[in-house]
Amino acid sequence: MPIPSAILTLVLGMLLVLGGLWIGQNVNLLPVDASVNAPIYDELFRVLFSIGTILFVGIVGLIVFSLVRFRRRPGQLGDGIALEGNLPLEVFWTAVPAIVVLFVGLYSYDIYERMGGMVPLGHGDHGAVSATANANASSADVRIWGGIGSTQDSQTATGAAIAPLPIEVTAMQFAFLFHYPDGDFISGEMHVPADRPVSLKMEAKDVIHAFWIPEFRLKQDVIPGQPTVLDFTPTRPGTYSIVCAELCGPYHGGMRSSVVVDSADDFETWLQANSKTTPSEA
Amino acid sequence: MTITAPPPSTPSSTALQPNGWLRYFSFSVDHKVIGLQYLVCGFAFYLIGGAMAGAIRTELLSPISDFMPRDVYNQILTLHGTVMIFLWIVPVVNGAFGNYLIPFYVGARDMAYPRLNAVAFWLIPPSGLMLISSYFITGAAQSGWTAYPPLSITTPATGQIIWILSVLLLGGSSIFGGINFIATILKLRRPGLKLMQLPMYCWAMLGTSILVVLSTPVLAGTLIMLSFDIVAHTGFFNPGLGGNVVVYQHLFWFYSHPAVYIMVLPAFGLVSEILPVHCRKPLFGYTTMVYSIMAIVVLGLVVWAHHMFTSGTPPWMRLFFTIATAFIAVPTGIKFFNWLATLWGGRISLNSAVLFSCGFIVNFVLGGITGVALAQVPFDVHVHDTYFVVAHFHYIVYGGSVFVIFASIYHWYPKVTGRMLNEHLGRFHFLITFIGFNLCFAPQHWLGLNGMPRRVAEYDPQFALVNQISSVGALLMAISTLPFLWNVVASAFYGAPAGDNPWKALTPEWLTSSPPPVENWTGEPPLVTHPYSYGVPADEIDLNSASGSDLWSSGQ
Ligand code: HEM
Ligand SMILES: [Cu+2]
Ligand SMILES: [Cu+2]
């Protein structure tokens with residue numbers, strides 16, 4: 001019965017795709033999003049999760065079906081069909097993954113740009129840092145490396161000419177220290193105002209560490225001898241963990257800190273209370 | 001190209017060998033003995049590495065560091081990774097099966113360089129023992145199996161130096177092996193056997209050996225430079241002396257990414273041998289399978305920097321490595337669809353070898369999907385160095401290679417011992433391995449996405465429950481080795497006699513006695529030009545010079 005089975009295949013295929021899309025949209029595996037680029041990340045995640053679910057369920061379904069349908073029954077002798085290949089079929093399953101991969105690649109390139117990944121690396125003229133109190137750390141010949149999120153673009157994209165808040169992060173075994181050039185003080189906990197771009201310049205004292213805030217979906221290695229930058233705009237007030245993600249020694253697992261996303265007013269109060277100098281207001 | 005005939009028997013090299021069990025403990029040059037030496041030695045290290053995994057999972061039962069001191073945790077973690085990769089998977093999927101099967105597949109009586117072959121194996125036990133004994137003597141290396149400087153320069157030097165030495169020796173061993181495989185496949189083929197008639201595992205081993213020979217020396221050079229930094233205070237990678245730590249990462253991953261293919265390509269080859277036999281169907285799409293192996297080799301060499309998306313690499317580099325990495329999914333996908341097509345319309349025996357092979361496909365598909373996701377820079381930036389990655393690579397290396405190793409043992413055990421394994425125990429083994437494995441590693445995807453970094457002895461208490469579930473899975477995996485061990489040991493004595501060819505397979509190793517004689521065939525090796533002609537009536541097979549029945553009878 002060729003026709004009913006073709007219809008059946010079609011229906012199953014549609015169910016598979018719809019089911020995959022539904023799961024991708026509705027099963028949430030991620031923590032809350034708390035920065036401007038987190039929702040962008042989550043969008044990519046949902047797309048990848050949908051495609052992945054469709055592929056996985058489809059292939060596992062085919063295997064289980066084959067194992068049941070084509071299993072050797074008792075008393076059955078002889079071989080299966082002598083089918084050595086089928087060119088159109090092979091072209092098909094070379095082309096389809098190639099197209100899917102290309103689509104995923106282009107799509108994630110778009111995401112990548114929206115997160116600010118395509119801006120060339122800092123050349124030591126990292127605007128935020130050199131514009132403010134910090135002249136000594138960013139001399140022009142120091143090459144500064146940046147990861148995703150390290151861009152002036154993402155700041156303009158998030159609107160307005162708010163100057164980013166500069167923070168200098170020092171990572172060492174086994175703590176992060178946060179130096180606020182506005183106010184010239186060091187804090188063991190990071191405070192940032194909501195909805196204002198923040199610009200981190202990070203240096204490591206001893207070994208490689210990595211600065212990760214899961215709720216911001218951002219991570220950047222902190223490399224000795226090689227300053228790195230990381231820019232982001234927090235959105236959701238609250239307290240989140242800062243996690244060290246690069247093996248840095250025995251207490252690596254304990255190298256955690258927190259970031260407090262305050263309202264603009266709360267942040268101002270906190271800054272005033274800690275400042276050694278009068279904050280240079282932007 | 002000149003084709004060398006099988007080497008004449010060299011009485012001096014075989015006659016002086018001890019016989020019986022003793023030969024497995026001697027400097028034998030018989031490729032079959034060496035293959036088994038690799039396998040058993042590798043399995044011993046697997047049990048050791050598994051015990052370490054057990055210790056790690058025990059520590060992670062609770063969020064605080066309470067089971068062992070933190071530096072010991074890092075030592076165990078480093079040893080676990082190193083042992084599993086360099087002493088278990090690489091030697092077994094290459095050395096063990098390659099040695100046992102390749103001479104049969106090319107119609108030779110031994111490998112091209114039998115003595116070099118033995119040397120390659122005998123480098124392994126001492127290096128492995130040296131590596132593990134460093135734990136008891138001075139403390140093992142504690143900078144992870146990646147040994148990133150400056151951590152590897154600042155942690156206690158002795159353990160790190162021993163680690164470097166033993167990895168260098170193991171790398172030497174795989175280079176010797178790789179050269180031998182290339183020479184054997186290209187030069188020792190029986191006259192009349194064309195490259196495109198070789199069983200697929202030969203192609204897989206050819207590709208793998210090319211990767212080994214091209215990339216392992218880079219690792220060796222890198223580690224030698226690292227050891228200079230440690231003992232002679234040079235400044236290649238030491239930022240305090242003007243070195244660059246990211247350069248180490250480039251060099252390291254130039255080997256260690258291809259190492260993943262060194263672990264899975266041979267596994268792909270083995271599955272391609274197992275499935276046609278038990279599905280009674282030709283391997284679907286032989287030619288595209290060959291091309292896809294070579295495509296994986298080429299692409300595998302140009303994707304290393306996807307391990308460094310958070311290291312501060314330039315944007316163009318991230319883009320290039322994203323695309324190159326994602327495109328490996330295409331040739332890999334071809335192989336998976338071809339296996340599915342090999343199943344389709346077959347007469348599949350649902351035995352342990354098939355179950356483990358299909359378990360491999362399921363696991364590897366999931367590992368491959370998370371791999372394509374990880375190739376996307378924006379995605380990777382969040383989950384890099386987290387448990388998501390731990391889950392991903394265990395789906396590849398355990399769900400991929402280890403499942404295939406088990407499938408292969410179920411498939412070739414009758415050939416090696418002349419006895420059958422117990423099928424009930426085998427299926428039971430599969431069931432708990434499959435459940436335990438997925439219970440252990442699937443939840444780790446969630447852990448990584450939600451904020452648990454890898455290589456930590458202590459973690460945020462919100463992750464305790466999921467870690468406990470994962471540890472229960474690990475316990476199941478540990479238990480699952482028991483029926484297997486019992487099966488292989490007991491069946492060697494009490495298993496049902498297998499006969500020469502219990503699966504009625506067509507590849508050449510089955511066309512001789514079980515176990516095979518010292519030089520593989522008592523007469524001339526058979527010329528098998530159609531290793532997968534299942535379902536084809538014998539008189540339709542074009543066997544060049546041989547006749548249809550020769551396929552079955554020659555050499556027996
Ligand atoms: C058999 C093949 C296996 C291979 C090739 C393998 C490989 C590795 C590697 C390379 C690492 C990373 C080590 C490092 O970060 O320095 C690792 C970590 C780990 N493995 Fe395995 N492993 C295998 C089996 C297992 C099994 C059976 C278990 C489960 C019980 C297991 C549990 C773990 C755990 C818990 C970690 C620590 C993850 C982390 O903190 O980064 N592994 N393994
Ligand atoms: Cu750290
Ligand atoms: Cu750390």
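In what follows, every chain begins at residue 1, and chains take the letters A, B, ... in the order their sequences are listed. On a predicted model such as this, the values are computed, not experimentally measured, just so you know.
- Applying the salt bridge (charged side-chain N to carboxylate O under 4.0 Å, His left out) criterion to A/Asp110, with sequence neighbours excluded, gives A/Arg114.
- Between chain B and the residues A/Leu67, A/Leu89, A/Leu62, A/Val64, the largest count of heavy-atom pairs under 4.5 Å involves A/Leu67.
- Rounding to the nearest 0.5 Å gives a distance of 8.5 Å between CD1 of A/Ile63 and CZ of B/Phe336.
- Looking at B/Lys281, B/Arg280, B/Lys504 one by one, the single match for side chain to side chain donor-acceptor pair (under 3.5 Å) with A/Asp79 turns out to be B/Arg280.
- Using a 4.5 Å cut-off between non-hydrogen atoms, the part of residues 236-243 of chain B that approaches chain A consists of B/Pro239.
- With a 4.5 angstrom heavy-atom cutoff, A/Leu83 touches chain B via backbone and side-chain atoms both.
- If you measure heavy-atom distances from A/Asp206 to chain B, the contacts under 4.5 Å come from the backbone alone.
- Ranking A/Ile51, A/Val207, A/Val96 against chain B, the residue ahead of the rest is A/Val207, based on heavy-atom pairs under 4.5 Å.
- Between chain B and the options A/Ala204, A/Cys244, A/Pro224, A/Gly105, the largest number of non-hydrogen pairs under 4.5 Å is found for A/Pro224.
- Only the side chain of A/Gln173 comes within less than 4.5 Å of a heavy atom in chain B; its backbone stays farther off.
- Proximity to chain B involves both the backbone and the side chain of A/Val104, based on heavy atoms less than 4.5 angstrom apart.
- Counting heavy-atom pairs closer than 4.5 Å to chain B, the top residue among A/Ala98, A/Pro250, A/Gly254 is A/Pro250.
- A pairwise comparison of heavy atoms in B/His384 and A/Lys219 identifies O-NZ, 2.7 Å as the closest pair.
- Listed for the A/Asp221 side chain is no donor-acceptor partner under 3.5 Å among the backbone atoms of B/Gly312.
- The contact between A/Ser241 and chain B is made entirely by side chain atoms (from C-beta outward), counting heavy-atom distances below 4.5 Å.
- Contact annotation for A/Trp93: both backbone and side-chain heavy atoms come within less than 4.5 Å of a heavy atom of chain B.
- Only the side chain of A/Leu44 comes within less than 4.5 Å of a heavy atom of chain B; its backbone N, CA, C and O stay farther away.
- The minimum heavy-atom distance linking A/Gly253 with B/Val456 is given by the pair CA-CG1, 3.4 Å.
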Can you give me every donor-acceptor pair (side chain of residues 365-377 of chain B, partner residue at least two apart or in another chain, under 3.5 Å) with its distance?
| from | atom 1 | to | atom 2 | distance (Å) |
| --- | --- | --- | --- | --- |
| B/Thr370 | OG1 | B/Leu366 | O | 3.3 |
| B/Thr370 | OG1 | B/Gly367 | O | 3.0 |
| B/Thr370 | OG1 | B/His392 | ND1 | 3.0 |
| B/Gln376 | OE1 | A/Ser108 | OG | 2.5 |
| B/Gln376 | NE2 | B/Val372 | O | 3.1 |

Please tabulate, for the side chains in residues 282-289 of chain B, all donor-acceptor contacts under 3.5 angstrom to protein atoms that are two or more places apart in sequence or on a different chain.
| from | atom 1 | to | atom 2 | distance (Å) |
| --- | --- | --- | --- | --- |
| B/Tyr286 | OH | B/Met196 | O | 3.3 |
| B/Tyr286 | OH | B/Leu198 | N | 3.3 |
| B/Tyr286 | OH | B/Leu198 | O | 2.5 |
| B/Tyr286 | OH | B/Trp203 | NE1 | 3.0 |
| B/Thr288 | OG1 | A/Glu90 | OE1 | 2.3 |
| B/Thr288 | OG1 | B/Gly285 | O | 2.9 |
| B/Thr288 | OG1 | B/Asn338 | ND2 | 3.3 |

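- For A/Ile223, the part lying near chain B is the side chain, with the backbone staying farther off; criterion is any non-hydrogen pair under 4.5 Å.
- The neighbour count for A/Tyr251 OH, taken as heavy atoms of other residues, nucleotides or ligands under 6.0 Å away, does not exceed 12.
- Both the backbone and the side chain of A/Phe56 come within less than 4.5 Å of a heavy atom in chain B.
- Of the two parts of B/Tyr459, only the backbone, made up of N, CA, C and O, holds a non-hydrogen atom closer than 4.5 Å to a non-hydrogen atom of chain A.
- Residue A/Arg69 does not touch chain B at all, counting heavy-atom pairs closer than 4.5 Å.
- In this structure, a donor-acceptor pair under 3.5 Å is present between the side chains of A/Trp212 and B/His382.
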